[in-house]
Amino acid sequence: MSATFKELSDRISQVGEVYARVHNIPRSADWYLLKLTEELGELTAEHLLIGGRAKPNADGSGGTREALENEAADLFGQFVLYLRENDIDIEAAIERKWLRHLDQYVGLDPNTTTESV
């Protein structure tokens, strides 16, 4: 299944609304950023488990590719909710901040340039 970013964003928002309502979670501007940070921590923990650089969970869960992918999905979903809450047009921002460099960098060896995006 392939969806546009807008379609995916709308569906993620629906899940976020239902989750907040079912679990009685009041969300605020700060909540979205804090939740994003929490999810990054969970992704980091899975990354470390997979690499053998963290102690396994007591219940034996985690440390699998599926767990890593699930945490990446959580982080992405929360990021989408953060974008929506803050009225950030990420597609326009990526065009402005990242993609405008494509013409400038076409043909350059990525191993020899010191400029950063």
* **Option from Arg11, Arg27, Arg84 for which salt bridge (charged side-chain N to carboxylate O under 4.0 Å, His left out) with Glu17 holds** => Arg27
* Less than 4.5 Å apart, any side-chain heavy atom of Arg100 and any of Glu95? -> no
* **Joint hydrophobic cluster, Trp31 plus Tyr19, side-chain heavy atoms closer than 4.5 Å** => yes
* Asked: Side chains of Phe79 and Ile12: does their closest heavy-atom pair fall under 4.5 Å?
  -> no
* Nearest-0.5 Å distance that lies between atom CZ in Arg53 and atom OG1 in Thr44 -> 10.5 Å
* Exceeds 12 heavy-atom contacts within 6.0 angstrom, atom CZ of Arg65 -> no
* Asked: Arg21: what forms a side chain to side chain contact (heavy atoms under 4.5 Å, CB included) with it, not counting sequence neighbours?
  -> Val18
* To do: State, to 0.1 Å, how close Leu75 and Leu40 come at their nearest heavy-atom pair, and which atoms those are.
  => CD1-N, 3.7 Å
* Taking atom types as modelled and ignoring hydrogens, do the side chains of Ser28 and Asp30 form a donor-acceptor contact shorter than 3.5 angstrom? -> no
* Under a 4.5 Å cut-off applied to non-hydrogen side-chain atoms, are Thr64 and Leu49 in contact? -> no
* Structure fact -> d(Ser13 OG, Lys6 NZ) to nearest 0.5 Å is 9.0 Å
* Asked: Closest heavy-atom contact between Phe76 and Leu8?
  -> CE2-CD2, 3.8 Å
* Supply the atom-to-atom distance Asp74 CG to Lys35 NZ, rounded to the nearest 0.5 angstrom. => 7.5 Å
* To do: Look up atom CD in Glu42 and atom CD in Glu71, then write down how far apart they are to the nearest 0.5 Å.
  => 4.5 Å
* Asked: Is there side-chain contact between Leu102 and Leu99, with at least one heavy-atom pair below 4.5 Å?
  -> yes
